[in-house]
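As a basis for the values below, the full set of heavy atoms in this structure was taken, side chains included, without hydrogen atoms, waters or symmetry mates.
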2 protein chains.
Amino acid sequence: MTETQSRLLDLGEALMRKRGFGGFSYADLAREIGIRKASIHHHFPTKSDLGMAVLDRYADQLADKLRKISSASRTGGQALDGTIKLYRDAIDHAGRMCLCSTLAADTEVIDRDMRERLAQANRDTAAWIQETLLTGRRDRSIAVGGDPALEAKAILAQLQGAQLLARAGGDPQIFDQAITTLVARLSRH
Amino acid sequence: MTETQSRLLDLGEALMRKRGFGGFSYADLAREIGIRKASIHHHFPTKSDLGMAVLDRYADQLADKLRKISSASRTGGQALDGTIKLYRDAIDHAGRMCLCSTLAADTEVIDRDMRERLAQANRDTAAWIQETLLTGRRDRSIAVGGDPALEAKAILAQLQGAQLLARAGGDPQIFDQAITTLVARLSRH
DNA sequence: GTCTATAATGAGATAGAC
DNA sequence: GTCTATCTCATTATAGAC
């Protein structure tokens, strides 16, 4: 992984999270990075190759962040708070969102590989939330009952939906408003 | 409003809900409708004009459907069930979503007028949910406590997020899974 | 209101020199 | 690994005839 390649992934990720997969071009990357379009094709022959590389790295980093939240938290409730903060922080900067939320809207535009990777990332995140809910129930930091697999999907939906609402309204605080009741419902710390 | 214009709005709406605002072109419309691209520009000079017309009509129809749900429901709980069904039905057909969910991801691509109309539509829907929550509390069909304005935003986020998850996973049932706990939490019919 | 014709621009991508 | 040059195609949009 060269310096140029990681700069391309960084910028590509930023643009995808801000404008979606169809919302940026190699010309945008070239302008910002300071090389020519043809040079980008050397690193990522097709735009799909770049998209897949960005998504792959993003999914790995997300899983990594979730693992770190787990090990840094004393209770399941704390871990879920950390997760909420993760999604909140993602929208504060430059109108970005979680890549998984943005790409979901682009589902019909991206190719099959990206689609499957995206679905897998969502399944992984939901599974992690589910585990964390169970942990929180055991340590009595979370009060939520009901099927944990369904609760986990509900929480993920609310997190991604809150990002969507906040972006559409042009105000990050909408995220907080749409998530307050979730925090209240979960917490028992 | 001529026949051709309403066909253009219908098809435009379908495509926007399926692929986003940037995900279709006048060529797509022309092919399907059976006229030439230039003829479409006669009805909607720019693509933004078309997008705005679609969004405007969509927002009006959505508000209308919500009003009808209100008057057809005996309790607030019934009205919210009807709303959930509305969002569920929207994704069953041909991979579409609520236009408001799709456009939120496109926020950076659409122009200022559309952005403001979108934000207004979301505010209206949240306000309607809020009213319905209050109604349901009064008639004892809804058990949810907490600030109704925040609860309403949370519910809207969960509905839109569940559509997002279902589309990303390629399976409408994911919507049901992500919404089950909401139904359980609200209902007391 | 629809057509043909044609801009004008930008997209993704390739060939081949350095 | 980056460049210039070029290709091909799609996109939005306009002019003007019918």
Side-chain angles (χ1 to χ4, degrees), chain A residues 1-57 102-103 105-115, chain B residues 1-57 102-103 105-115:
Chain A
M1 172 72 54
T2 68
E3 168 75 14
T4 303
Q5 272 168 335
S6 80
R7 286 181 70 199
L8 284 169
L9 290 182
D10 289 345
L11 184 57
E13 180 188 318
L15 288 172
M16 280 170 69
R17 287 171 59 184
K18 191 179 172 112
R19 307 211 285 248
F21 185 71
F24 76 100
S25 73
Y26 272 29
D28 297 322
L29 297 170
R31 203 176 311 118
E32 187 83 12
I33 302 277
I35 57 176
R36 300 292 173 164
K37 284 196 296 173
S39 311
I40 303 179
H41 282 286
H42 169 76
H43 297 288
F44 302 100
T46 71
K47 198 183 172 190
S48 261
D49 291 329
L50 172 66
M52 191 63 195
V54 167
L55 176 54
D56 240 336
R57 191 186 67 158
T102 310
L103 283 185
D106 272 329
T107 306
E108 304 289 329
V109 180
I110 61 184
D111 70 10
R112 209 160 155 273
D113 281 357
M114 284 184 75
R115 220 150 34 201
Chain B
M1 171 71 54
T2 68
E3 167 76 13
T4 304
Q5 274 168 333
S6 81
R7 287 181 69 200
L8 283 169
L9 290 182
D10 289 345
L11 184 57
E13 180 188 318
L15 288 172
M16 280 169 68
R17 286 171 60 183
K18 191 181 170 111
R19 307 210 284 246
F21 184 71
F24 75 100
S25 72
Y26 272 28
D28 298 323
L29 298 170
R31 202 177 311 117
E32 188 84 12
I33 303 278
I35 57 176
R36 298 292 172 162
K37 286 192 294 174
S39 311
I40 303 178
H41 282 286
H42 169 76
H43 297 288
F44 302 99
T46 71
K47 197 183 173 189
S48 262
D49 291 329
L50 172 66
M52 190 64 195
V54 166
L55 177 55
D56 240 334
R57 191 186 67 159
T102 309
L103 283 185
D106 273 328
T107 306
E108 305 289 329
V109 179
I110 61 185
D111 70 10
R112 208 161 155 274
D113 281 358
M114 285 185 74
R115 225 158 19 207

Covered region of DNA chain C, 5' end to 3' end, by chain A [heavy atoms, under 4.0 Å]: C:dA11 to C:dA15

Can you measure from [atom1] ([X]) to [atom2] ([Y]) and round to the nearest 0.5 angstrom?
| X | Y | atom1 | atom2 | result |
| --- | --- | --- | --- | --- |
| A:Glu108 | B:Leu15 | CD | CG | 10.5 Å |
| A:Thr46 | A:Asp111 | OG1 | CG | 7.5 Å |
| B:Phe21 | B:Leu103 | CZ | CG | 8.5 Å |
| B:Met114 | B:Asp56 | CE | CG | 9.5 Å |

Neighbours of DNA chain C within [range], by heavy-atom distance under 4.0 Å:
| range | answer |
| --- | --- |
| residues 38-48 of chain B | B:Ala38, B:Ser39, B:His42, B:His43 |
| residues 1-9 of chain B | B:Thr2, B:Thr4 |
| residues 13-24 of chain A | A:Phe24 |

B:Asp113: partners by side-chain hydrogen bond (donor to acceptor under 3.5 Å, both in side chains), with sequence neighbours left out: none

By side-chain hydrogen bond (donor to acceptor under 3.5 Å, both in side chains) - contacts of B:Thr4 (at least two apart): none

Which donor-acceptor pairs under 3.5 Å do side chains of residues 32-41 of chain A form with protein atoms, sequence neighbours excluded?
residue, atom, partner, partner atom, Å
A:His41, ND1, A:Pro45, O, 2.7

Heavy-atom side-chain proximity of B:Leu55 to B:Ile110 below 4.5 angstrom: no

Stretch residues 25-33 of chain B: residues that reach within less than 4.0 Å of DNA chain D through a heavy atom: B:Ser25, B:Tyr26, B:Ala27

Contacts of type side-chain contact (heavy atoms from CB on, under 4.5 Å), residue A:Ala53, not counting sequence neighbours: A:Leu9, A:Phe44

Pairwise side chain to side chain donor-acceptor pair (under 3.5 Å) hits with a residue in residues 5-22 of chain B, at least two apart: B:Thr2-B:Gln5, B:Asp10-B:Arg57, B:Glu13-B:Arg17, B:Glu13-B:Arg57, B:Arg19-B:Asp28

For A:His43, ring-ring contact (aromatic ring centres under 6.0 Å, His included) partners two or more places apart: none

Interatomic distance where NZ belongs to B:Lys37 and C1' belongs to D:dA15 [whole Å]: 15 Å

